[in-house]
Number of protein chains: 2
Amino acid sequence: MDAIKHIPTIPLFQGLTPEHHAHVASIVVEKVYRRNQVIFSEGDEGNGFYVVISGRVKVFKLSPDGKEQILHILGAGEPFGEVPVFAGERFPAHAEALEETRVIFFPRASFADLIKKNPSLAMNMLAVLSRRLRRFSALIEDLSLKEVPGRLSAYLLYLSDKKNRETSLTLDISKAQLASLLGTIPETISRILTRMSAEELIESDGHRNIKILDRPGLEELASGERKLL
Amino acid sequence: MDAIKHIPTIPLFQGLTPEHHAHVASIVVEKVYRRNQVIFSEGDEGNGFYVVISGRVKVFKLSPDGKEQILHILGAGEPFGEVPVFAGERFPAHAEALEETRVIFFPRASFADLIKKNPSLAMNMLAVLSRRLRRFSALIEDLSLKEVPGRLSAYLLYLSDKKNRETSLTLDISKAQLASLLGTIPETISRILTRMSAEELIESDGHRNIKILDRPGLEELASGERKLL
DNA sequence: CGTGGCCTTGATAAAGTTCAAGAGCCGTGG
DNA sequence: CCACGGCTCTTGAACTTTATCAAGGCCACG
């Protein structure tokens with residue numbers, strides 16, 4: 001009901017007038033999901049898309065034997081599930097709440113109307129999709145051209161950069177989730193963190209806290225110039 | 001110069017009026033590239049995007065040691081290089097002509113103007129990007145969750161479906177390109193085709209002609225239910 | 001007829017997965 | 001307050017898949 005107070009804070013709706021915000025608010029529906037609750041499944045009919053208000057959502061692919069590959073993890077203000085709105089057909093992946101999560105849902109038809117009348121909303125949405133394409137390109141590159149130590153280094157550096165190059169990091173997801181995000185399994189993550197510690201690239205407390213000791217070393221790993229023993 | 005006659009045939013511009021087509025034509029520049037010529041490189045400033053008129057283009061990532069992963073191969077009517085137009089920054093990948101190729105180039109600023117005034121062009125572009133996201137999701141899934149025989153089966157089935165489920169196929173790219181598209185190397189492709197032939201899933205003339213003998217068998221491979229010996 | 005491109009095949013090695021066992025931690029409930 | 005069960009994480013050993021390196025075959029083109 002109080003969607004109107006969230007709308008203006010969502011990057012997708014930046015640059016719109018208050019009237020437009022009100023209009024957007026009038027077409028949305030709020031929903032709440034518990035931890036591990038399915039939001040949609042691959043192949044479902046996509047009748048609209050979502051924006052996270054609070055909490056976190058993972059979007060992922062599943063193999064027949066149950067292995068998962070996370071495509072991305074979304075937090076407050078980020079949209080997901082837009083593909084079927086514009087390309088028709090169905091959701092290309094699954095979405096699930098990682099924790100108690102509030103989202104707002106935009107029904108397809110009314111959103112399509114809105115976007116047609118609103119060039120800057122269209123431009124914002126084009127920017128969102130373009131950035132996602134850029135991220136997917138990076139993921140494809142990682143999966144195909146880098147080994148796991150390189151992917152893990154890149155992830156640690158990414159976390160560090162998010163915090164102004166802070167060297168003390170706290171993983172915000174479990175090792176299992178991290179493995180799924182990097183296209184590997186928890187055992188491999190564990191072994192590589194051990195090797196990174198042995199080479200004094202990082203220091204780990206065995207939990208979710210990691211300190212970066214040798215940033216240039218990690219950068220070399222991420223770019224493939226260097227290998228772990 | 002004769003771009004005007006191509007514009008109306010490009011899917012991106014479907015549903016626009018002839019005046020709009022003329023306007024589009026007035027802002028484009030035609031370019032021709034030879035086989036293997038670089039169109040842009042990753043990290044280049046993206047001042048506009050391209051649409052293929054004739055010929056074919058590959059868009060790909062390169063690892064420091066020279067291994068390449070093809071993101072997609074584009075033919076007539078297909079746009080590429082749009083990401084920097086909407087997300088800013090630079091091209092996230094390289095593009096190169098696979099053969100003599102004619103393209104039209106859309107300068108960023110004038111295209112952005114056009115799209116703001118033209119909701120159905122915006123919707124078409126959103127559809128293009130959404131379909132690309134769908135394809136990238138499938139590629140990520142392949143790389144992360146399928147083994148090479150599964151990816152190759154999926155590719156053969158895709159080729160077959162493009163021709164109304166015709167069983168006689170001709171590869172339109174070299175084994176090296178195919179390997180790069182599937183995230184592997186030519187030797188591996190060769191070995192797997194041999195094994196597929198041994199199990200009478202396909203018949204290969206050793207060149208680029210392949211006949212599908214056991215479509216259900218390939219489908220099982222593609223979905224991971226079945227393994228090659 | 002020779003040369004270069006493209007493909008195949010074999011032997012070897014590297015990277016990661018699987019399977020299995022066990023350690024540490026946490027909340028629950030007796 | 002402590003024991004138990006359930007998680008998550010770590011570690012080891014065997015195995016699988018794929019890459020790498022090297023050699024040779026085939027064909028088209030000059």
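Lettering follows sequence order; numbering is per chain, from 1.
We find that CG of Asp205(A) is positioned 14 Å from C1' of dT8(D), with the value rounded to whole Å. Atoms CZ (Arg208(B)) and C1' (dT8(C)) sit 16 Å apart, rounded to a whole Å. At whole-Å resolution of the value, CD1 in Ile210(B) and P in dT8(C) are 9 Å apart. Taking atom CD1 of Ile185(A) as the reference point, atom P of dC15(D) lies 17 Å away to the nearest angstrom. The CG atom of Leu178(A) sits 15 Å away from the C1' atom of dT10(D) (whole-angstrom rounding). What separates CG of Asn209(A) from P of dT8(D) is a distance of 18 Å, to the nearest Å. The CD1 atom of Ile189(A) sits 9 Å away from the P atom of dT17(C) (whole-angstrom rounding). If you take CG of Leu152(B) and C1' of dT17(D), they are 15 Å apart, rounded to a whole angstrom.
Contact check, Thr188(B) against dT17(D): no side-chain N or O comes under 4.0 Å of OP1 or OP2. A close approach under 4.0 Å does occur between a side-chain nitrogen or oxygen of Lys227(A) and OP1 or OP2 of dA15(C). For dT17(C), one of the phosphate oxygens OP1 or OP2 lies less than 4.0 angstrom from a side-chain nitrogen or oxygen of Thr184(A).
Here the nucleotide nearest the side chain of Lys175(A), chosen from dC27(D), dT18(D), dT10(D), is dT10(D).
If you run side-chain hydrogen bond (donor to acceptor under 3.5 Å, both in side chains) between Ser223(B) and each of Glu219(B), Arg226(B), Glu225(B), only Glu225(B) comes through. Exactly one residue among Lys58(B), Lys61(B), Lys175(B), Glu68(B) makes a side-chain hydrogen bond (donor to acceptor under 3.5 Å, both in side chains) with Ser180(B). That residue is Glu68(B).
No contact: Lys146(B) has no heavy atom under 4.0 Å from any strand.
When the salt bridge (Lys or Arg N to Asp or Glu O under 4.0 Å) test is applied to Glu89(A), no partner is found at least two apart in sequence or on another chain. Partners of Arg131(A) under the side-chain contact (heavy atoms from CB on, under 4.5 Å) rule, at least two apart in sequence or in another chain, are Ala127(A), Val128(A), Ala87(B).
Residue whose closest nucleotide on DNA chain C sits further toward the 5' end, between Ile192(A) and His207(A): Ile192(A).
Using a 3.5 Å distance cut-off with no hydrogens or angles, the side chains of Ser160(A) and Arg215(A) do pair a donor with an acceptor.
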Under 3.5 Å, N/O pairs linking protein and nucleotides 21-25 of chain D:
| unit_1 | atom_1 | unit_2 | atom_2 | d |
| --- | --- | --- | --- | --- |
| dC21(D) | N4 | Glu187(B) | OE2 | 3.3 |

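Ring centroid separation for the pair His72(B) and Phe136(B) comes in under the 6.0 Å cut-off.
Remark: side-chain polar atoms of Arg151(B) are paired, donor with acceptor, to backbone N or O of Asp142(B) under 3.5 angstrom.
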